[in-house]
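Some notes on the structure that comes next.
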Amino acid sequence: MNRMDEVYDPAVVERTAQGDWSRERAFEVREDPARPKFYCLSMFPYPSGRLHMGHVRNYTIGDVLTRFMRMQGYNVLQPMGWDAFGLPAENAAMKNGVPPAKWTRENISYMRGQLQSLGLAIDWSRELATCDASYYRWNQWLFLRMLERGIACRRTGVVNWDPVDQTVLANEQVIDGRGWRTGALVEKREIPMYYLQITRYADELLGALDELPGWPERVRLMQANWIGRSEGCEISFPYAPDTRSAMQGEGVLKVFTTRADTLFGVTFMAVAAEHPVALAAARSNPPLAAFIEECRRGSVMEADVATQEKKGMATGLHVLHPLTGEQVEVWVANYVLMGYGEGAVMGVPGHDERDFGFALEKGLRIVQVVRSSTGAYDDVREPWKPAYSEYGVTVNSGEFSGLEFQEAVDAVAAALEKKGLGRKRRHYRLRDWGISRQRYWGCPIPIVHCGACGEVPVPDEQLPVLLPENLVPDGSGNPLAKSAAFYECSCPQCGKPARRETDTMDTFVDSSWYFLRFTCPDQSASMLDQRVAYWAPVDQYIGGIEHAILHLLYARFWTKVMRDIGLVKSGEPFTNLLTQGMVLNHIYSYQPAGGRRQYFNPADVDTRKDEAGKEVHEAVGPDGTRLRVQYEGLGKMSKSENNGVDPQNLVERFGADTARLFTMFAAPPEQTLEWSDEGVLGALRFIRRLWTAVHEHVKRGLPDRLDAMSLTSAERDLRRLTHHTLAKVRDDIGRRRSFNTAIAAVMELLNAIGKLDDSGSQSRAVRHEALEVATLTLAPIIPHVTHVLWKALGHAGALLDERWPEADREALVQDAIDMVVQVNGKLRGRIRIAAAADQGIAQAAALADEQVRKFVDKPIRKVVFVPGKLINIVV
RNA sequence: GCGAAAGUGGCGGAACUGGUAGACGCACUGGAUUUAGGUUCCAGCGGGGAAACCCGUGCGGGUUCGAGUCCCGCCUUUCGCACCA
């Protein structure tokens, strides 16, 4: 043994292992129908410049599963790519005057190196970046297919406008009324743009959630809520004769309701400020116009809106009740949303809380048309009584009185249908996906606008519409719209000069199918080829919970479109989904009197106990003095709070294996992970102990052949634990995805190995087997050090291709066990007893135990016996 | 407001099917080795008690021979959605 082997040096070990793997091209995989496949994928990163700990956690989880499944005999694909379009590149470009393409590609090559230093079992030959024309041309191609099928269309609509990024945001990108990226208050604007009709797939997207047992319940529920299907009726209220002229031809005011049973309780109509009726009425009504303007300017934060005072104004226009013909006044109300339903509601203050509040405010009539089935509710007309919004029995509803909710809805819907003034309808909260972005660094939308022919799709043979890579945005709008070389073109239909569409696609388009392209990234003749049939769908997808709605819903939609075009078989892209938790770190700050709060990195903070035994935290301030800093709890790793951990630095100091081991051990994968520098050291310490144990062992030469029949009981115990660990780790990783307990099990094994006295003749053989199993079971988690140790244990072959051995059933058999003895359910003793002992033997042994006898001081009433585990004596 | 998840030592967490609560690790305490540089090894480590024992998984009830686990009611925290008609 040479000196190098005595001390664990992660740098040397990791260079050796990674060198071996790259020489062997160990992670390049090909389709092999003879072997079961496993497609393991972590969400690809945005090339922001540097990896953060969240990436390390995400990719380590994927890598552990990849290597584990490989050892189970699967043909495993783990690819990697780059979600390379997007705003940060443009922002960086403005700041540094560098084209986004250059910035992005430099980041990619740096981050690729970082990923490689983690020793991930990635097939790099399949790498792709969404900003490559060879990739995004197929976005364009599929967009044209959607256009042909009417799934994509151009229309104007009210959109969310981010005033900072100067771009349109999808509903999903608006969080609490603010842009998801900038946090700026979103404005409403009307703009022509392209939409993908995801709503056509709403039913299937919702229904198929039930067929995704491998997805967390939480994510399925979030998607279901997002799609938000509700069953109800569309009801048309004809305009009253005096109103018809103001509406210029429009005959009816449409509303959507889930409570058609309350139709007879309508005392007013309410429309959104942007509703055509409101606008029509405002033309001759300046105060109303002012009110509408006020509503528009008002806070759009939905949480605010929800608690806002009910405001409104009468329009002076009227509609007729579709069944009674009674005249009903139309109001503009701030609580009606243009974006949901028809932008208008029927006001039923007796049975809707919001309508009730509005009616109180405006002194409108309140009519009761439902009473509770149990009779607990009788009269809502008294103003102090809240609206009764439960289902019940209809009253005061003419021929429809006396019906239960569903009967009433059915009867009302039928009556409306007969008059042509309504029908049952399904409604979704889900909106169509507007994909146009007034941005440079994205995939060009393949459309040409011609003065003569109108909107003309770019013919397939002219794809891709290349994005120029040499532009530098200056922050004022889209540089493509100012680049004549880009937008000047001729019409594909008539050949006359035309203008190319300068909007680019939402980057969520790019990430909606990259996982399929990984199966055939080099295919230049088509979007996908037959290789996709072997690999798709992704068997295990891993990523952050923040993508539970946006990305995962779009990817499901896009995959279904691709299925309908015949490109893939399955409409569901991801069979199993693991949403990993965030990586958090402690936050420490110091607030000088009257000065700005400054943050200290947890690594630089010392914690000790003061005289009173209370913990105090200290750090060295910028001027070299010691400061007492304040602990502010856990938070996301962030620059502004100076609590980030740099993965690069971590790997350089402790090695990738330590980083991997800590992130997998410190918490279950779905939970948040609390960063702990001491915990990292603990991980390093464990690897060192494993390293030393193996080298101390092999230093003395290879052991004798293991003879299972001639072992001492201590040797048999260790051997049982060895094989138990083999089975336990396989179950923990393979079934439960419980990496932390898998690691704990191997730690226990290593502790037991250290305790075995190896003077016996077979002890070294038993220890050897135990060390082999420890090395093998840790291989997916700490691949470098185990790769080297496996060789040290005398194996010529590579550990990563080693098959996971079956636990030896013989070795697991225990002839004597410690049985727990309870008296009245409380632990009172333990008896050593044959594993196969029956109740009679166990009871006799238990009662012979002095400690137990002490508590059995009354006649035995009952004995509960769990074979092999416990006996409970009830007195 | 609606929906979901979670509350276990000083800390991260374990206990998977109702059966020994606290595995494993961190921190801490004591000892040994070494004097070196986030060293290794051994022992201890939920609370109370001299001990026998008693108490203990957010709180209050219940089911059961037996409850961290199941049921009912409450409290707290986190997350998602939010005037959705």
Side-chain angles (χ1 to χ4, degrees), chain A residues 7 175-176 216-226 228-230 232-233 255-259 262 270 301-308 310 333-337 339-348 352-355 357-358 389 427-429 545-546 548-549 607 609 615 653-654 661-662 665-668 670-686 688-689 692 728 731-732 735-736 738 740-748 750-751 754 818-830 854 861-866 869-875:
Chain A
V7 189
I175 297 154
D176 291 340
E217 185 62 40
R218 189 153 80 105
V219 175
R220 286 187 285 163
L221 205 82
M222 280 163 74
Q223 292 215 347
N225 288 341
W226 192 262
R229 181 163 81 188
S230 52
C233 293
V255 301
F256 175 77
T257 179
T258 54
R259 293 300 302 270
T262 64
M301 266 180 78
E302 276 159 344
D304 277 1
V305 171
T307 53
Q308 230 171 44
K310 303 274 177 288
N334 65 342
Y335 69 93
V336 180
L337 308 173
Y340 188 82
E342 301 291 339
V345 300
M346 57 185 211
V348 186
D352 181 281
E353 247 180 77
R354 296 151 301 173
D355 296 343
F358 190 75
S389 52
H427 190 265
Y428 300 93
R429 206 189 76 109
I545 185 73
E546 66 273 21
I549 298 170
T607 297
K609 292 209 168 136
E615 281 196 342
R653 282 168 72 196
F654 305 109
L661 181 63
F662 173 72
F665 179 62
E670 313 236 49
Q671 283 181 34
T672 53
L673 186 154
E674 236 178 72
W675 194 259
S676 152
D677 288 315
E678 292 77 21
V680 173
L681 284 175
L684 175 65
R685 207 143 50 213
F686 172 71
R688 261 189 209 145
R689 285 209 298 131
T692 313
K728 159 100 174 141
D731 187 54
D732 277 356
R735 180 180 63 90
R736 299 174 63 207
S738 175
N740 52 329
T741 54
I743 293 164
V746 188
M747 286 174 166
E748 275 184 80
L750 190 67
N751 289 344
D818 287 314
M819 177 167 280
V820 167
V821 184
Q822 296 180 337
V823 179
N824 290 340
K826 288 198 167 174
L827 175 70
R828 294 304 179 190
R830 266 167 244 267
K854 228 164 77 187
R861 267 205 318 161
K862 185 177 177 183
V863 176
V864 181
F865 180 66
V866 184
K869 271 211 154 142
L870 73 87
I871 181 161
N872 184 14
I873 298 162
V874 187
V875 296

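In what follows, every chain begins at residue 1, and chains take the letters A, B, ... in the order their sequences are listed. Because the structure is predicted, anything quoted here is derived from the model rather than measured.
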Closest to side chain of [X], choosing from [options]:
X: A:L337; options: B:A14, B:C84, B:U20; value: B:C84
X: A:N751; options: B:C24, B:G13, B:U20; value: B:C24
X: A:I549; options: B:A27, B:C81, B:C53; value: B:C81
X: A:W226; options: B:G80, B:C24, B:A82; value: B:A82
X: A:S676; options: B:C84, B:A23, B:C26; value: B:C26
X: A:L827; options: B:A21, B:A85, B:G12; value: B:A21
X: A:V864; options: B:C65, B:G13, B:C24; value: B:C65

On a whole-Å scale, what distance lies between the [atom1] atoms belonging to [N] and [M]?
N: B:G19; M: B:G3; atom1: P; result: 31 Å
N: B:U40; M: B:C54; atom1: P; result: 41 Å
N: B:G22; M: B:G9; atom1: P; result: 14 Å
N: B:U17; M: B:C71; atom1: P; result: 13 Å
N: B:G47; M: B:U57; atom1: P; result: 15 Å
N: B:C28; M: B:G46; atom1: C1'; result: 14 Å
N: B:C65; M: B:C11; atom1: P; result: 36 Å
N: B:G66; M: B:G56; atom1: P; result: 15 Å

May I have the distance from [X] (atom [atom1]) to [N] (atom [atom2]), rounded to whole angstrom?
X: A:K869; N: B:A15; atom1: NZ; atom2: C1'; answer: 11 Å
X: A:M747; N: B:G12; atom1: CE; atom2: C1'; answer: 12 Å
X: A:L684; N: B:C26; atom1: CG; atom2: P; answer: 11 Å
X: A:K826; N: B:U64; atom1: NZ; atom2: C1'; answer: 15 Å
X: A:I545; N: B:G80; atom1: CD1; atom2: C1'; answer: 9 Å
X: A:Q822; N: B:A67; atom1: CD; atom2: C1'; answer: 12 Å
X: A:R688; N: B:U40; atom1: CZ; atom2: C1'; answer: 10 Å
X: A:I743; N: B:G12; atom1: CD1; atom2: P; answer: 18 Å

- [ ] Take A:A666 and A:V866, find for each the nucleotide of RNA chain B with the closest heavy atom, and name the residue whose nucleotide sits nearer the 5' end.
- [x] A:A666
Open item on the list: With nearest nucleotide decided by heavy atoms, which residue, A:G339 or A:L221, maps closer to the 5′ end of RNA chain B?
Closed with: A:L221
Could you tell me which nucleotide pairs with [N] by Watson-Crick or G-U wobble geometry, both distances under 3.5 Å, or answer none if nothing does?
N: B:C2; answer: B:G80
N: B:A51; answer: none
N: B:A43; answer: B:U29
N: B:C16; answer: none
N: B:G7; answer: B:C75

What contact category does [X] fall into here, base, sugar-phosphate, or nothing, at under 4.0 angstrom with non-hydrogen atoms?
X: A:R735; answer: base
X: A:E678; answer: sugar-phosphate
X: A:R689; answer: sugar-phosphate
X: A:V874; answer: sugar-phosphate
X: A:K854; answer: sugar-phosphate
X: A:R828; answer: sugar-phosphate
X: A:D355; answer: nothing
X: A:F654; answer: base
X: A:G682; answer: sugar-phosphate
X: A:R218; answer: sugar-phosphate
X: A:N740; answer: sugar-phosphate
X: A:V336; answer: base
X: A:E342; answer: nothing
X: A:L681; answer: base

For [X] versus [Y], what's the shortest heavy-atom pair and its separation?
X: A:E674; Y: A:F662; answer: O-CZ, 3.9 Å
X: A:G341; Y: A:F256; answer: CA-CB, 4.5 Å
X: A:N872; Y: A:G825; answer: OD1-N, 2.9 Å
X: A:E670; Y: A:P216; answer: OE1-CG, 4.5 Å
X: A:M346; Y: A:V255; answer: N-CG1, 3.9 Å

- [ ] Take atom CD of A:E546 as the centre, draw a 6.0 Å sphere, and report whether it contains more than 12 heavy atoms from other residues, nucleotides or ligands.
- [x] yes
Open item on the list: Is it the case that over 12 heavy atoms from other parts of the model lie below 6.0 angstrom from the CZ atom of A:R229?
Closed with: yes
Open item on the list: Quick one: does any side-chain atom of A:R259 pair with a main-chain N or O of A:S389 as donor and acceptor, under 3.5 Å?
Closed with: yes
Open item on the list: Please determine whether any donor N or O and acceptor N or O are separated by less than 3.5 Å between the side chain of A:R685 and the base of B:U40.
Closed with: no
Open item on the list: Counting distance alone, no hydrogens or angles: does the base of B:C81 have a donor or acceptor under 3.5 Å from a partner atom on the side chain of A:R429?
Closed with: no
Task: Separation between CD1 of A:I743 and CE of A:M747, rounded to the nearest 0.5 Å - done: 6.5 Å
Task: Distance below 4.0 Å between A:Q671 side-chain N/O and B:A6 OP1 or OP2 - done: no
TODO: Could you check if the base of B:G9 is syn or anti? Syn means the glycosidic torsion is within 90 degrees of 0.
DONE: syn
Open item on the list: Within the 3.5 Å criterion, strictly below it, is a donor on A:N824 or A:R861 matched to an acceptor on the partner's side chain?
Closed with: no
